[in-house]
Amino acid sequence: MNDLDLEKLRLPLETPSYPEGFRSGFACFVGRPNVGKSTLMNALVGQKVAITSNRPQTTRRTVRGIVHRPEAQLIVVDTPGLHKPRTLLGERLDSLVRSTLVEVDVIVFCIPADEPIGRGDTYIAKELAEQTSTPVVAVVTKTDLVDRDAVGRQLLAVSELGDWADIVPVSAEGEFQLDTVAEVMCTHLPEGPPLYPDGDLTDEPEEMLVAELVREAALEGVRDELPHSIAVVVDEMSEREDKELVDIYASLYVERSSQKAIVIGTKGARLRDVGSRARKQIEGLLGRRAFLDLRVRVAKDWQRDPKLLRRLGFDQQT
């Protein structure tokens with residue numbers, strides 16, 4: 001499914017059952033890298049549908065999480081962090097974010113409470129000021145990391161950045177004002193029937209979610225330059241006859257042989273650790289045991305090679 005073609009998802013369900021005044025639609029999370037967008041989306045959905053990491057630029061594609069409420073169905077679109085691109089991959093991710101902005105019903109601008117307003121925030125605020133037909137809600141994230149006075153100062157600073165439809169402080173980790181954030185976003189959605197069946201939490205294919213969980217595990221403890229160089233592709237995923245075990249074969253791609261050695265570790269210890277942590281997350285996702293086979297491969301300078309980007313799933317509309 002094309003990540004950007006949200007209009008196709010606006011078709012109502014065949015047998016809708018919803019109260020009068022029910023709202024449904026899309027909200028897009030934007031912000032600098034590593035401001036807590038994915039963590040906030042997972043908290044709102046109530047289940048992990050996007051990987052998280054303290055490394056910037058963890059999110060590389062739009063991920064949709066579905067929030068079910070009595071009065072609304074909110075589809076949250078998590079996007080890569082806006083940043084100054086240094087590679088062809090970076091250029092495509094920035095283009096992806098801008099394309100998504102014009103297709104949603106409400107934009108949520110995430111700014112962390114524990115960092116001062118910077119040039120990146122100002123740059124994004126100017127970009128969002130051009131979205132005159134879409135309401136923008138400013139959300140101050142990570143409020144659990146600072147005291148109340150610091151939160152107040154950040155809220156004031158954010159209010160001076162632009163003309164926002166609403167400003168809300170929130171903490172995904174501390175579960176502070178999650179319901180309030182969801183309620184505020186829902187007020188900006190159009191009235192209409194639910195777009196997904198009750199109980200659906202994402203429309204991401206299982207193979208994509210599995211690949212992301214492997215990449216999340218691989219990001220832990222690596223050197224600073226490696227997160228941008230790691231890509232994961234699920235080569236094969238099949239259920240055994242007893243349906244109690246899933247066989248998964250996945251490849252981790254890096255750009256240089258020296259990076260391959262880092263990911264594998266001494267006598268393969270690091271790769272085994274990655275596999276062990278990823279398998280636990282995957283089994284939680286799938287609800288059954290998994291056999292996970294990981295291989296590390298080199299795709300030289302894949303972030304700058306159009307052919308390799310396509311091969312790894314990063315086409316123009318990733």
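Nothing here was measured: the structure is a model prediction, and the numbers come from that model. All values below come from the heavy atoms of this structure, side chains included, with hydrogens, waters and symmetry mates left out. One-based numbering along the sequence shown.
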- Note on the structure: Output for pair (Arg23 CZ, Asp105 CG), nearest 0.5 Å, gives 10.5 Å
- Query: So which heavy atom on Gln177 is nearest to which on Pro169, and how close?
  - Reply: NE2-O, 2.8 Å
- Could you tell me the separation between the CG atom of Leu189 and the OG1 atom of Thr187, rounded to the nearest 0.5 Å? 7.5 Å
- Which value, rounded to the nearest 0.5 Å, describes the distance between Arg69 atom CZ and Leu44 atom CG? 9.0 Å
- What's the shortest heavy-atom distance between Ala157 and Ile117, and which atoms? CB-CG1, 3.9 Å
- Work out which heavy atom in Phe176 is nearest to a heavy atom in Thr143; give both atom names and the distance. CD2-OG1, 3.5 Å
- Note on the structure: Heavy-atom closest pair (Val158 atom, Ala138 atom, distance to 0.1 Å) is CG1-CB, 3.7 Å
- Note on the structure: Correct closest heavy-atom pair for Gly199 and His68 would be N-NE2, 3.5 Å
- Message: Looking at every non-hydrogen atom in both residues, tell me the closest pair between Lys260 and Val254 and how far apart they are.
- Response: N-CG2, 3.6 Å
- Query: Atom CG in Leu178, atom CD in Glu173: separation rounded to 0.5 Å?
  - Reply: 10.0 Å
- Reported CG-to-CE distance for the pair Leu292 and Met237, which is rounded to 0.5 angstrom: 10.0 Å
- Sub-4.5 Å side-chain heavy-atom contact between Leu195 and Phe26: yes
- Message: I need the full list of side chain to side chain donor-acceptor pair (under 3.5 Å) pairs touching residues 151-168, with sequence neighbours left out, sorted by first then second residue.
- Response: Asp166-His188
- Query: With side chains defined as the heavy atoms from C-beta onward, is the minimum distance between Glu216 and Leu213 less than 4.5 Å?
  - Reply: yes
- Task: Using the rule that two of Ile, Leu, Val, Met, Phe, Trp, Tyr join whenever any of their side-chain heavy atoms come within less than 4.5 Å, decide whether Val35 and Val30 are in one cluster.
- Result: no
- Query: Would a 4.5 Å heavy-atom cut-off, applied to side chains only, mark Ile248 and Val234 as touching?
  - Reply: yes
